[in-house]
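The next block holds one structure in the form of structure tokens; read it before the comments.
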There are 2 protein chains.
Amino acid sequence: MQSALLTKANSSALPLFTLEAPQFRKSTDAPAVGAVHSYAKDGEIFAEGDRAAFVYKVLSGVVRTSKLLSDGRRQIDAFHLAGDIFGIEAGEEYRFCAEAVGDCVVIAYRRSNLGALMGSDSQLAQEMTMGMMRSLVRAQNHMLLLGRKSALEKIATFLLDMAERTSGGDALDLPMSRSDIADHLGLTIETVSRSFTQLERQGMIELPSARHVVLSNRAALEHLNA
Amino acid sequence: MQSALLTKANSSALPLFTLEAPQFRKSTDAPAVGAVHSYAKDGEIFAEGDRAAFVYKVLSGVVRTSKLLSDGRRQIDAFHLAGDIFGIEAGEEYRFCAEAVGDCVVIAYRRSNLGALMGSDSQLAQEMTMGMMRSLVRAQNHMLLLGRKSALEKIATFLLDMAERTSGGDALDLPMSRSDIADHLGLTIETVSRSFTQLERQGMIELPSARHVVLSNRAALEHLNA
DNA sequence: CGCAAAATTGAGGGCCCTCAACCGTAGTGG
DNA sequence: CCACTACGGTTGAGGGCCCTCAATTTTGCG
């Protein structure tokens, strides 16, 4: 199968923000709080069905978690940015696969250690619980999008959400491919592409390059958000 | 059966339900852990935006929780059967509305009391956490359905899931209307109806009446489940 | 520079939606 | 007892949104 790419050399390029990984480790490193791992683009962090031994937090980069149907259709349930928790499971196995969208660094907390950690470190306990809460809120909002929104509305919602989660401003660079966006929004790459150009033609966004988006008319986009 | 993560998260004070301070009082209203309410068909239990003062458990009947777009499009995120928890919120307001699908009875736990209740009654604490966990799992599976499954596949998945959650056998009577099913699966009532008759013609189900379904070919249905 | 992957664009088709008519059941009142 | 109505559900015809297939352009990287 796929081997976890534990490339210690966090590659080189990609001005991914965050050099604060050392800070994370330092604070509570003594009792082996978590192991830091790096993954190259498309590297597999865990697969659907793997034994769920770890809970992860993104330190830098972006992670996607997805489910597959038997014929290959894919649904990306979420993109996880720096600071986000993923891989929380109630059962023994992961019900998703997790992969690096681009080069990324994560910290893995062994589940069997979490009990003690959460007893001693209420900060981490709260983070875990809040992470699960946020996942639920995001999932519930996303169901409305998947079930009831048009392609244009999906893209508008996605762009506004990504902008809010990253810079917060109007300039936005997307870390993921059109294919990833499509599988997140329940569309095809062609429809994603067409929707982008349509939004551009309508003056709602600008596309200096495929992965750079400027939200030039937030009001109109938010109107599409319904 | 229970993961370390969950059990440990319970024992330490969950920040989830304690926006108001956890209380010491637990004897004054010992029998009144929650208030029982009855609702007629389509009765509103709470509305989107209401102050989230209670967490609910279904005692009998079925409850739907749904979100609306400004133009009236609706997405039912879940049906809650007897024993299910609903209305768990991290923030101050409900992000859904909750209505009775048919006549139903629920028990309402005041959120400000939950801290004490969960201290004294670990059974309830575990129920709350597991309720949230189950909601998350269901939501994540439902995203795959909404984003990537065909109408026939959606109906097949829905029927198998409902059968498992109720009788567990092959006979099934649906407590909700076609409209509710449609808004749960991201379809229209006409497509729901057509899919039912198509499954019937293909011998996978029988429809003695609109709301009584017999799963006469589980294997085929599960194949559609992909 | 040259290749492969990603993204865009176009043409055509299919799945599901929209609009509409019809059917069956249940409730109501003359 | 039987209109009459209301409502939920089914069925049909047609259209639109998005998918599929395909070609082309652009981007990224050696």
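Residue numbering restarts at 1 for every chain, and letters A, B, ... go by the order of the sequence lines.
A distance of 13.0 Å separates CG of A:Leu146 from NZ of B:Lys149, quoted to the nearest 0.5 Å. We find the CD1-CZ distance between B:Ile155 and B:Arg194 to be 12.0 Å, quoted to the nearest 0.5 Å.
Close to D:dC18, at under 4.0 Å from its OP1 or OP2, lies no side-chain N or O of A:Thr188. Close to C:dC17, at under 4.0 Å from its OP1 or OP2, lies a side-chain N or O of B:Thr191.
One interatomic measurement links the two molecules: CG of A:Asp180 to C1' of C:dA7, which rounds to 14 Å at whole-angstrom precision. Separating the CG atom of A:Leu152 from the P atom of D:dC17 is a distance of 10 Å, rounded to the nearest angstrom. One atom, CG of A:Asp173, and another, C1' of D:dG28, lie 16 Å apart when rounded to the nearest Å. With rounding to whole Å, A:Lys41 atom NZ is found 16 Å from D:dG30 atom C1'. When the P atom of D:dC17 is taken as reference, atom CZ of B:Arg73 falls 12 Å away, rounded to whole Å. The CZ atom of B:Arg178 sits 14 Å away from the C1' atom of D:dC7 (whole-angstrom rounding). Spacing between atom CG of A:Asp183 and atom P of D:dC19 amounts to 11 Å, rounded to whole angstrom units. Note: CZ (A:Arg201) to P (C:dT9) measures 6 Å, nearest angstrom.
Among the heavy atoms of the strands, none lies under 4.0 Å from A:Ile189. Looking at heavy-atom distances under 4.0 Å, B:Thr197 makes contact with sugar-phosphate atoms alone, never a base.
Relative ring orientation between B:Phe158 and B:His184 is described as perpendicular, the plane-to-plane angle rising above 60° on a 0-90° scale split at 30° and 60°. Taking the six-membered ring where the residue is Trp, B:Tyr56 and B:Phe86 present parallel rings, their angle staying beneath 30° rather than reaching 60°.
Sequence order on DNA chain D of the closest nucleotides to A:Lys149 and A:Ala210 puts A:Lys149 first from the 5' end.
Side-chain atoms of B:Glu190 lie closest to C:dT18 of the nucleotides C:dC17, C:dT18, C:dT8. Here the side chain of A:Ser193 is nearest to one of D:dC19, C:dC17, C:dA7, namely C:dA7. Comparing D:dC19, C:dT8, D:dC18 by their closest approach to the side chain of A:Ser150 singles out D:dC18. Out of C:dC17, D:dT20, D:dC18, the shortest distance to the side chain of A:Arg194 is found at D:dT20.
Cation-pi contact between B:Arg178 and B:Phe196: present, with separation from the ring centre below 6.0 Å and deviation from the ring axis of at most 45°.
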